[in-house]
Amino acid sequence: MRTHLCGELRPDQIDQTVTVAGWVNKRREHSQHLAFVDLRDHSGIVQCVVDNSVDVRSEYVVKITGTVTARPEGTTNDSLGTGQIEITDVTVEVLSAAEPPPFPLDDRADDVDEMVRLRHRYLDLRRERMQRNLRVRSQVNTAVRAAMIRQQFVEVETPMLMPATPEGAREFIVPSRQRPGSFYALPQSPQLYKQLLMVGGVDRYFQIARCLRDEDLRADRQYEFMQLDMEMSFVEVDDVLNAVEQTVLDAAELVTGERPDPVQRITWHDAMNTYGIDKPDLRFGMELVELTGVFASTDFKAFASAESIKGINAKGAAADWGRNKLDGLTDTAKSFGAKGMVWMKVGSDPESGDLSLDSPVAKFLSDVEQKALIDRTDAESGDLLLLIADDWLTTCEVLGELRNRLGRPPVSQGPYRYVWVVDFPLFVGVDDATGLPRPGHHPFCHPHPEDIGLLDDPEKMASDPMSVRAWAYDLVLNGWELGSGSIRIHDAELQQKVFAILGIDEVEAEARFGFFLNPFRYGAPPHGGFAYGIDRLAAILAGEENIREVIAFPKPQSGLDPMTAAPGEIDAEILRELGLRVLPQTD
RNA sequence: GGUCCCGUAGUGCAGUCUGGAGUGCACGCCGCCCUGUCAAGGCGGAGGUCGCGAGUUCAAAUCUCGUCGGGACCGCCA
């Protein structure tokens with residue numbers, strides 16, 4: 001039907017007769033017998049010189065045959081790839097007429113209400129930005145799949161209909177027609193199946209898998225999303241990290257043309273201690289500064305009894321933060337669990353150049369303490385210091401939040417800084433209700449061998465369960481968690497020990513996890529794996545702040561599809577066949 | 001479940017704080033003119049339940065309450 005794409009025509013094709021097809025991006029009328037039609041397809045735009053008697057308007061679908069001609073002197077357009085040429089002596093065939101689109105299909109649509117775009121997503125997709133994003137996403141999939149295949153991974157599809165499991169994320173439920181009253185669940189991840197594939201001797205499995213979670217939506221979360229899901233047998237942590245690393249570096253290289261640096265590694269403890277968060281954004285500094293020792297014998301009551309005192313230095317930020325904004329920041333700190341926040345603006349004496357601290361609490365701090373504080377934080381005139389005193393974890397977490405708020409660039413703004421966060425704690429604190437440790441990841445995570453001895457120390461487990469590290473790791477990119485994984489427990493005795501600590505006895509373990517763990521009795525290889533979000537990776541590589549921008553048909557925060565109106569009611573007959581009855585709404 | 005922000009022609013906005021006739025702007029759309037434009041230009045025109053519902057008031061886009069829709073975040077996402 002066509003000989004060329006619109007955007008690929010160049011002076012090389014001058015004098016050739018070509019046929020292009022696409023949408024009318026713009027018509028500029030000049031007289032009865034002259035008009036310019038910008039014809040657009042996914043590759044770009046080319047100008048066609050037409051007789052104005054032909055009735056083509058915005059978004060008409062047309063086929064144009066004509067001669068590629070050099071543009072007359074002074075009429076070239078450098079902002080267009082095809083700007084040196086135009087198509088003349090054309091015949092125009094209207095393939096489809098079109099109503100005017102409800103919003104402009106160019107950059108101006110970036111400012112249009114997202115609901116309007118989603119309601120007419122098929123029009124939004126015609127835009128250059130969306131065309132580019134879908135192609136970035138396709139490149140990510142391509143690079144990831146190629147990297148896995150290259151490393152001898154086997155692509156296996158796992159079921160979408162699986163048993164409901166009460167653990168973890170809320171699941172989407174599918175009623176069974178053949179067994180009314182029984183239900184499938186859609187997979188929140190292929191976790192169960194991929195470990196059984198290891199028992200099944202597949203050795204190296206991967207899948208670009210659709211996962212579904214019925215949890216509230218966010219900028220980085222949709223009901224359904226794609227993950228690179230992988231699992232390997234006879235491996236240790238490094239093997240998994242290295243295999244995954246190839247996929248994300250390849251993806252970034254294919255999209256951007258540049259291979260990022262090898263992925264850095266940091267332990268969970270160091271990440272918390274230095275950045276105050278388990279998904280640190282390494283693109284900027286403002287690291288947490290240890291100050292507990294500085295105030296070891298302070299008279300300032302808020303600091304005197306604190307287990308941990310740390311601070312951050314927002315360089316040159318003092319002038320940007322007035323009293324009101326600092327009060328707001330203090331409220332933010334409190335909302336993340338701090339008892340309070342100390343701020344100090346660094347000033348200097350115009351005569352001597354000596355630094356001074358302007359703060360409501362400065363008068364409670366000795367000269368020695370103030371000097372040490374300035375010294376430790378590398379403070380200069382104009383800096384803003386924020387200090388938190390609390391238990392270690394709270395101090396870190398609050399400062400990590402403040403650090404991100406004060407210093408973090410947009411997630412999409414380069415460079416790409418991947419980081420592995422390793423040695424996550426096996427347990428995340430103690431459940432208030434039961435007094436038992438709570439699993440950090442899932443209860444099948446392999447404890448760090450150096451810490452397995454701690455599991456037999458009831459006193460340690462009661463007082464400090466977080467000291468047990470796991471062979472669990474996260475992959476982080478520019479402050480976004482891409483995914484996580486672990487080495488799994490394959491040894492029944494160790495599994496039982498972990499269950500015991502979590503307060504799960506044999507009967508309960510059998511009831512909750514039996515279908516999953518019993519196959520391990522037939523010989524499970526040591527194995528581990530990983531999964532990360534393709535949508536998130538594609539969004540960051542496409543320069544987007546929101547995964548909806550790299551998904552063809554995403555849902556807004558409500559989960560209601562503005563284009564198809566899903567979810568909707570269904571026929572009473574279908575409900576009857578499924579043995580379902582809809583109850584009246586209750587409040 | 002919670003906190004904060006937003007809702008005015010097809011689209012993007014101003015007007016809302018301080019109530020006074022839908023008072024406007026830009027783009028788009030429709031018609032006419034125009035032979036070198038490229039987010040063309042000129043002239044003319046159409047287009048509005050100010051999200052919806054109550055309340056206060058002589059009078060509500062504007063104030064109050066409720067509700068619906070959207071967004072960011074917290075909870076949640078083992």
Side-chain angles (χ1 to χ4, degrees), chain A residues 25-40 45-52 55 57-59 69 71-80 82-83 86 88 98-120 123-124 165-171 188-189 191-192 211-223 225 328 331-332 334-337 401 404-405 424 426-428 431 437-445 470 472 481 483-484 486 498 502 504 512-513 533 545-546 548 555-560 562 587:
Chain A
N25 195 60
K26 191 77 194 173
R27 178 183 60 163
R28 292 179 293 279
E29 300 178 273
H30 279 268
S31 68
Q32 239 167 355
H33 292 292
L34 175 66
F36 299 100
V37 167
D38 287 340
L39 192 65
R40 181 194 71 236
I45 286 174
V46 66
Q47 173 168 285
C48 307
V49 185
V50 306
D51 187 301
N52 198 16
D55 184 25
R57 298 167 189 238
S58 287
E59 300 308 314
T69 312
R71 290 200 189 189
E73 183 125 11
T75 64
T76 58
N77 182 351
D78 292 337
S79 64
L80 226 49
T82 60
E86 60 193 5
T88 57
E99 293 176 18
F103 59 94
L105 301 188
D106 56 26
D107 291 350
R108 285 174 291 191
D110 291 345
D111 296 322
V112 169
D113 182 355
E114 195 182 356
M115 278 301 271
V116 175
R117 293 173 55 205
L118 291 183
R119 198 170 294 128
H120 306 278
L123 297 180
D124 195 32
T165 50
E167 320 299 323
R170 186 182 297 116
E171 295 167 314
Q188 40 174 305
S189 91
Q191 184 72 29
L192 157 69
C211 304
L212 299 104
R213 295 180 188 172
D214 188 3
E215 299 287 354
D216 289 354
L217 278 42
R218 290 283 162 73
D220 60 353
R221 282 157 35 180
Q222 285 274 303
Y223 281 150
F225 56 100
D331 290 341
T332 300
K334 286 180 178 169
S335 73
F336 284 91
E401 183 65 33
N404 270 347
R405 292 196 179 219
F424 267 73
L426 187 63
F427 307 108
V428 286
D431 191 303
R438 292 181 298 133
H441 195 50
H442 56 57
F444 316 115
C445 247
E481 180 193 322
S484 55
S486 63
V498 172
L502 295 171
I504 301 169
R512 281 169 65 184
F513 309 116
E545 300 289 322
N546 187 316
R548 293 191 294 271
K555 292 178 176 58
Q557 212 164 55
S558 62
L560 310 177
D587 292 323

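All values below were derived from every heavy atom in this structure, side-chain atoms included, with hydrogens, water molecules and symmetry-related copies excluded. Naming convention: chains lettered A, B, ... in sequence-line order (proteins, then strands); numbering from 1 in each chain.
We find that CG of A/L105 is positioned 13 Å from P of B/G12, with the value rounded to whole Å. Computed from coordinates, the A/F103 CZ to B/A9 P distance equals 17 Å when rounded to whole Å. A straight line from CD of A/Q32 to P of B/C33 spans 6 Å, rounded to a whole angstrom. Rounded to whole Å, atom P of B/G36 lies 8 Å from atom CZ of A/F36. Rounded to whole Å, atom P of B/G28 lies 14 Å from atom CD of A/E59. Separating the CG atom of A/D331 from the C1' atom of B/C4 is a distance of 13 Å, rounded to the nearest angstrom. Rounded to an integer number of Å, the gap from A/L123 CG to B/U11 P is 13 Å. Summarising the geometry, the separation between NE2 on A/H33 and C1' on B/C33 is reported as 14 Å, rounded to the nearest angstrom.
Judged as a side-chain hydrogen bond (donor to acceptor under 3.5 Å, both in side chains), the pairs with a partner in residues 25-34 of chain A (not counting sequence neighbours) are, in order, A/N25-A/R40, A/R28-A/D38, A/R28-A/Q47, A/E29-A/N52, A/H33-A/D51.
With sequence neighbours excluded, no residue satisfies side chain to side chain donor-acceptor pair (under 3.5 Å) with A/D111. Among residues two or more places apart in sequence or in another chain, the side chain to side chain contact (heavy atoms under 4.5 Å, CB included) test is passed with A/L560 by A/S558, A/P567.
Closest to the side chain of A/V112, out of B/G12, B/U37, B/C77, is B/G12. The nucleotide whose nearest atom lies closest to any side-chain atom of A/D106 is, among B/A39, B/U37, B/G10, B/A39.
When atom types are taken as modelled, the side chain of A/R57 and the backbone of A/P100 share no donor-acceptor pair closer than 3.5 angstrom.
Interatomic distance, A/D220 CG to A/E481 CD, rounded to the nearest 0.5 Å: 9.0 Å.
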Using a 4.0 Å cut-off on protein heavy atoms (strictly under), produce a 5'-to-3' string for nucleotides 70-75 of chain B with B for base contact, S for backbone-only sugar-phosphate contact, and - for none. SBBBBB
Could you run down nucleotides 40-46 of chain B 5' to 3' and tag each one B, S or - for protein heavy-atom contact under 4.0 Å? B------
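A/T76 comes within 4.0 angstrom of a base, heavy atoms only. Among the heavy atoms of the strands, none lies under 4.0 Å from A/G83. Within 4.0 Å (heavy atoms only), A/E481 reaches no atom of the nucleic acid at all.
Partner of A/E167 under the side-chain hydrogen bond (donor to acceptor under 3.5 Å, both in side chains) criterion, out of A/Q191, A/H442, A/Q188, A/R512: A/R512 alone.
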Solution key, residues 113-120 of chain A side-chain donor-acceptor pairs under 3.5 Å, sequence neighbours excluded:
{"residue": "A/D113", "atom": "OD1", "partner": "A/M115", "partner atom": "N", "Å": "3.1"}
{"residue": "A/E114", "atom": "OE1", "partner": "A/R548", "partner atom": "NE", "Å": "3.3"}
{"residue": "A/E114", "atom": "OE1", "partner": "A/R548", "partner atom": "NH2", "Å": "3.0"}
{"residue": "A/E114", "atom": "OE2", "partner": "A/R548", "partner atom": "NE", "Å": "2.7"}
{"residue": "A/R117", "atom": "NE", "partner": "A/D124", "partner atom": "OD1", "Å": "3.1"}
{"residue": "A/R117", "atom": "NE", "partner": "A/D124", "partner atom": "OD2", "Å": "3.0"}
{"residue": "A/R117", "atom": "NH1", "partner": "A/E549", "partner atom": "OE2", "Å": "3.2"}
{"residue": "A/R117", "atom": "NH2", "partner": "A/D124", "partner atom": "OD2", "Å": "3.0"}
{"residue": "A/R117", "atom": "NH2", "partner": "A/E549", "partner atom": "OE1", "Å": "2.8"}
{"residue": "A/H120", "atom": "ND1", "partner": "A/Y122", "partner atom": "OH", "Å": "3.2"}

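Taking atom P in both B/C13 and B/A54, the straight-line distance is 29 Å, to the nearest Å. B/G22 sits 9 Å from B/U8 when the C1' atoms are compared, rounded to a whole Å. Atom name P, nucleotides B/A21 and B/C50: the rounded distance is 15 Å, in whole Å. Taking atom C1' on both nucleotides, B/G15 is separated from B/G7 by 15 Å, rounded to a whole Å. A distance of about 43 Å separates the P atoms of B/C33 and B/U16, rounded to the whole Å.
Remark on RNA chain B: of its neighbouring residues A/R57 and A/V49, the 5'-side contact belongs to A/R57, judged by nearest-heavy-atom nucleotide.
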Set out, in order, the CA-CA distance, both residues' side-chain angles and the distance that settles side-chain contact (heavy atoms from CB on, under 4.5 Å) for A/Y223 and A/D214, then state yes or no. CA-CA 6 Å; A/Y223 281 150; A/D214 188 3; 3.7 Å; yes
